[in-house]
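Just so you know, these numbers use all the heavy atoms, side chains as well, and skip hydrogens, waters and symmetry mates.
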Amino acid sequence: MPIVRGEMLRYTTSPCFGACPVYTVTVRPDGTGTFEGQRHTAVTGVRDFRVTPAQYEAFLARLAPYRPRSGTVRIAPGEPGCGQAATDLPSVEVQWDGKAGHRALSYYFGCDRERNQRMADALGSAPDLLPIASLIGARP
């Protein structure tokens with residue numbers, strides 16, 4: 001999928017069996033961002049931050065290949081695209097909102113781990129492109 005500039009992205013993690021950080025980060029095209037730490041994060045509650053145009057573009061680019069053409073795509077146990085699934089892993093939901101409408105991807109990291117490795121790596125590492133490492137803290 002091509003990059004759609006001007007979209008707001010919301011990236012939300014889910015719990016796992018363990019100490020996976022649970023948080024939501026929202027990045028807007030004007031360079032503003034919001035982090036909301038919920039569980040197992042260095043910071044709980046809402047914190048605002050700023051991103052540079054390069055950070056915003058890098059975040060968009062990392063997630064662009066997985067942006068659905070329309071609607072919502074869900075890759076989770078029992079859904080198409082998730083044959084064999086490992087248990088107790090977290091999920092991530094990415095939402096794109098802008099002129100092109102609303103798109104969302106929900107991905108469970110245990111789905112067909114070998115087949116989905118590239119997507120899992122891209123989705124899992126996307127927050128590393130933002131200045132929020134000190135808010136997230138250690139990740140298992």
Side-chain angles (χ1 to χ4, degrees):
M1 291 292 299
I3 296 173
V4 178
R5 289 174 175 75
E7 289 188 310
M8 179 184 75
L9 279 87
R10 180 170 289 119
Y11 180 102
T12 303
T13 63
S14 74
C16 67
F17 185 75
C20 296
V22 179
Y23 62 92
T24 297
V25 64
T26 303
V27 179
R28 297 171 199 84
D30 67 359
T32 61
T34 305
F35 175 89
E36 183 179 354
Q38 296 162 14
R39 290 179 27 190
H40 305 295
T41 54
V43 173
T44 56
V46 176
R47 300 292 189 282
D48 293 328
F49 64 94
R50 299 218 31 100
V51 295
T52 66
Q55 289 169 325
Y56 173 77
E57 289 289 324
F59 192 60
L60 276 178
R62 178 74 49 94
L63 298 171
Y66 311 103
R67 181 181 177 275
R69 292 187 190 281
S70 64
T72 298
V73 171
R74 183 170 155 78
I75 302 172
E79 300 282 340
C82 184
Q84 188 174 20
T87 61
D88 303 327
L89 294 170
S91 296
V92 65
E93 182 172 337
V94 181
Q95 297 178 40
W96 294 260
D97 287 293
K99 293 177 186 174
H102 177 80
R103 308 286 190 277
L105 169 68
S106 180
Y107 176 71
Y108 174 66
F109 283 97
C111 286
D112 291 324
R113 293 175 62 143
E114 189 172 312
R115 186 179 78 171
N116 292 323
Q117 188 65 48
R118 180 180 287 173
M119 178 171 32
D121 289 347
L123 294 172
S125 66
D128 297 340
L129 300 169
L130 303 174
I132 59 172
S134 64
L135 302 174
I136 296 171
R139 293 187 264 179

One should read off an interatomic distance between Thr34 OG1 and Arg47 CZ, to the nearest 0.5 angstrom, of 12.0 Å
Show your working on side-chain contact (heavy atoms from CB on, under 4.5 Å) between Tyr66 and Arg103 and close with a plain yes or no. CA-CA 10 Å; Tyr66 311 103; Arg103 308 286 190 277; over 6 Å; no
Once the angle between the rings of Phe59 and Tyr11 is folded into 0 to 90°, is it parallel (under 30°), tilted (30 to 60°) or perpendicular (over 60°)? tilted
Side-chain donor-acceptor contacts of residues 71-85 below 3.5 Å, not counting sequence neighbours, with atom names and distances?
none

Same cluster or not: are Val22 and Val94 linked, directly or through other Ile, Leu, Val, Met, Phe, Trp or Tyr residues, by side-chain heavy atoms under 4.5 angstrom apart? no
Salt-bridge test for Arg67 and Glu7: reply yes if a basic N is under 4.0 Å from a carboxylate O, no otherwise. yes
Would a 4.5 Å heavy-atom cut-off, applied to side chains only, mark Cys111 and Asn116 as touching? yes
Is there side-chain contact between Leu123 and Leu63, with at least one heavy-atom pair below 4.5 Å? yes
Considering only distance and modelled atom types, tabulate donor-acceptor pairs under 3.5 Å from the side chains of residues 126-140, sequence neighbours left out.
{"residue": "Asp128", "atom": "OD1", "partner": "Arg139", "partner atom": "NH2", "Å": "2.2"}

Could you tell me whether Phe35 and Phe49 have their ring centroids closer than 6.0 angstrom? no
Specify the closest pair of heavy atoms between Gln38 and Thr44, including all atoms of both residues, with the distance to one decimal. O-CG2, 4.2 Å
Looking only at heavy atoms, the pair that brings Tyr23 and Gly37 closest together is CB-CA, 4.1 Å
What residue pairs, at least two apart or across chains, pass ring-ring contact (aromatic ring centres under 6.0 Å, His included) with a residue in residues 100-140? Tyr107-Phe109
Check: Thr32 side chain, Arg28 main-chain N or O, donor-acceptor pair, under 3.5 Å: no
